[in-house]
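Heads up, the thing below is written out as structure tokens.
This one's a predicted model, so the numbers in the text were calculated from it and none came from an experiment. Numbering starts at 1 and runs along the sequence shown.
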Amino acid sequence: MPSAANPAPVGSSQGADELSVHDLAAVNRRLYHATLLAGRTLAAFAPLLGDVAPRAALVRAVHALIGQSVLLHDRLLEMRIRPDELGTPGPAAVEAADELLAGSGDRALAFAAALLRGLEDTFTELQGGCRAEHAFHDRRLYGACLALVAEGIEPYQPHPQDPEGPGPEVPADAAALRTVADFLAAPCTAGAPTTPTGTPALRVPDCPTRRYPGWASFVNAADVEFQDPGTDDPARSIVLHALRKGIATEFISTDIPLRNIAEFPDLPLRFYRDMARHAYDELRHTHLLLDHLTAMGEDYRRVAFRIPDTYSAMAGQPLDFRLIVLSRTGEDAAIEALADAIPRLRSTGYADVAVMFDHVLADELRHVAYANHWLRHLHGDDLAVEAVTTRALEQLNVLVEERGLGDYMRREPDHSARRGRHNPDLELRRLAGFSDHDLARMAAMSTGSAA
């Protein structure tokens, strides 16, 4: 039955397979704009949710919604909808998004839960209406969207080993239901979109600092190197240090990819997919690290966070600066560290931790590849990307001094030289999306010759 959270998806009693391609495309276009706009809106709230369970719910919801928008977009192109015919979300939906952005993280979580359940009903109804063989591709589309909805709803249930216990309690919220209705029922605006995806600019409030888990302890980034309680077993101490440091790093690394989704409307749809997957990976890594730390009998509350942290250096900065600091040079350094640590973990009897970090390494390679791809999209050729990387790292070093971020955050402006001094693994760098030009400079710097 249609409801405030689930308006009739086809506008009549007809099944989806009774509609013409044109009319069913109109349904899919509305759902495409609703899921993309909602995903971008919710992504803005990441820094406002400090605890693990609500953050997991938000990240999974954004990942599910952006994933649905990609599936719907691809099907629209198959249904003879040209990119210049995508249109834009209706004014009521955009207004609802901006109103949501002015509210709290709790309100955003209530909206996410209500929207996912409304989409579950909608896609179930649409899939059930695709009985005829000519609706085969649409039946599969709605089934794939339902699978993503299920992933998005899952964090509202307890994580098996989440030290914080059950998932976030999200009370019924009448205002959230009305906002869901505005997203799902608002008609799209016709005409050529002004952005590659048709998604609009949003009134995203500034968020110069982020929140931390309620159990977090802190060290001053400017005064202290990362402190970690040791044990009588040197190998165990190294593993615990890696896990605790990883939690502090991965947990805050969800924020920037999600804020990129919310703050930059002028990118192709693949950009939002890449950023949503990046954030989802960082959340997965956080849970993996927490699980391993708990399995070793350690208290996760001994994790210390540096303040101020790298988020404060990236918040409010241009997209290229963020991609360079977080991924092209930040996660790139992690590639070398992980590649060195994994065999040592295996040799000291921590094969399970080594396997986990091996999977993390594969994700980090992909994140750096995302950054390298989008930097080329923004700046063109390799020389331009090299120049903007140097400028960004020079700017970062100024921010480190001004904001007391600690010497550990300083970076050599010539990224190739910095990596070259550590004998770079060029095959890993190739997998991370570095160009032949980048690889040649790294190789030359590592041997002491100019490129």
Side-chain angles (χ1 to χ4, degrees), residues 56 59 63 161 226 228 235-258 273-296 303 309-310 322-375 389 408-409 411 415-416 418-435 438-439 442-443 446:
V59 174
H63 182 262
Q161 296 187 48
F226 196 98
D228 192 58
R236 180 180 173 87
S237 293
I238 292 171
V239 174
L240 293 178
H241 174 76
L243 292 173
R244 292 189 181 111
K245 186 173 182 180
I247 290 167
T249 301
E250 301 285 351
F251 183 73
I252 65 173
S253 295
T254 57
D255 294 329
I256 290 300
L258 290 181
R273 182 204 66 183
D274 289 350
M275 293 298 103
R277 193 175 180 190
H278 186 166
Y280 192 8
D281 287 341
E282 304 296 2
L283 174 73
R284 287 176 43 252
H285 298 169
T286 302
H287 273 132
L288 286 168
L289 293 161
L290 284 169
D291 290 349
H292 277 277
L293 194 62
T294 302
M296 292 180 69
V303 172
D309 60 29
T310 52
R322 302 179 190 194
L323 294 172
I324 289 164
V325 172
L326 178 63
S327 298
R328 179 170 164 89
T329 66
E331 288 177 297
D332 179 48
I335 289 172
E336 210 67 73
L338 287 170
D340 179 62
I342 289 166
R344 290 192 290 112
L345 288 168
R346 288 197 184 101
S347 68
T348 54
Y350 290 94
D352 56 338
V353 180
V355 169
M356 182 269 293
F357 276 124
D358 199 25
H359 285 271
V360 170
L361 172 59
D363 292 336
E364 302 292 356
L365 287 167
R366 182 162 35 79
H367 301 166
V368 178
Y370 290 160
N372 283 326
H373 172 84
W374 292 111
L375 285 166
T389 298
Y408 81 100
M409 270 292 295
R411 298 184 192 170
H415 180 55
S416 297
R418 185 174 72 90
R419 299 265 46 83
R421 288 201 298 269
H422 293 278
N423 298 319
D425 186 322
L426 297 182
E427 182 55 34
L428 285 180
R429 290 315 193 288
R430 188 180 302 280
L431 293 172
F434 285 98
S435 68
D438 295 326
L439 296 172
M442 291 177 188
S446 67

Margin query: Between D438 and S416, does the side-chain contact (heavy atoms from CB on, under 4.5 Å) criterion hold? Intermediate values first, please.
Written below: CA-CA 7 Å; D438 295 326; S416 297; 5.5 Å; no

Notebook entry, point to check: Should L289 and L293 be marked as a side-chain contact (heavy atoms from CB on, under 4.5 Å) after you check the CA-CA gap, both sets of side-chain angles, and the distance that decides it?
Noted result: CA-CA 6 Å; L289 293 161; L293 194 62; over 6 Å; no

Next item on the list: Decide yes or no on side-chain contact (heavy atoms from CB on, under 4.5 Å) for R429 and V368, but give the supporting numbers first.
Entry: CA-CA 9 Å; R429 290 315 193 288; V368 178; over 6 Å; no

Item checked: Worked verdict on H415 versus I324 for side-chain contact (heavy atoms from CB on, under 4.5 Å) -> CA-CA 10 Å; H415 180 55; I324 289 164; over 6 Å; no

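Note: L431 CG to L426 CG = 11.0 Å, rounded to the nearest 0.5 Å. For the atom pair CE (M275) and CG (L258), the distance works out to 10.0 Å, reported to the nearest 0.5 Å. Rounding to the nearest 0.5 Å gives a distance of 11.0 Å between CZ of R344 and CZ of F357. Atom CG of L243 and atom NZ of K245 lie 12.5 Å apart (nearest 0.5 Å). L365 contributes atom CG, which lies 5.5 Å from atom CG of L428 (distance to the nearest 0.5 angstrom). Atom CD1 of I335 and atom CZ of F434 lie 6.5 Å apart (nearest 0.5 Å).
Side chains of V325 and T310 form no contact here, defined as non-hydrogen atoms less than 4.5 Å apart. Taking the side chain as every heavy atom from C-beta outward, M296 and Y350 approach each other to under 4.5 Å. D425 has its side chain within reach of E336: a pair of non-hydrogen atoms, C-beta onward, lies under 4.5 Å apart.
With sequence neighbours left out, the ring-ring contact (aromatic ring centres under 6.0 Å, His included) criterion links Y280 to H63.
A salt bridge between R411 and D332 is absent, with no side-chain N of the basic residue lying under 4.0 Å from a carboxylate O of the acidic one.
Using a distance-only test at 3.5 Å, with no hydrogens or angles considered, no donor-acceptor pair links the side chain of T254 to the main chain of E282. Using modelled atom types, no side-chain atom of R430 and backbone atom of L439 make a donor-acceptor pair closer than 3.5 Å.
Here the shortest heavy-atom pairing between L345 and A354 reads CB-CB, 3.8 Å. Across H278 and S327, no two heavy atoms sit closer than the pair CE1-OG, 3.4 Å.
Contacts classified as side chain to side chain donor-acceptor pair (under 3.5 Å) and involving residues 356-365 (residues at least two apart or in different chains) are given here: R284-D363, H285-D363, D363-R366.
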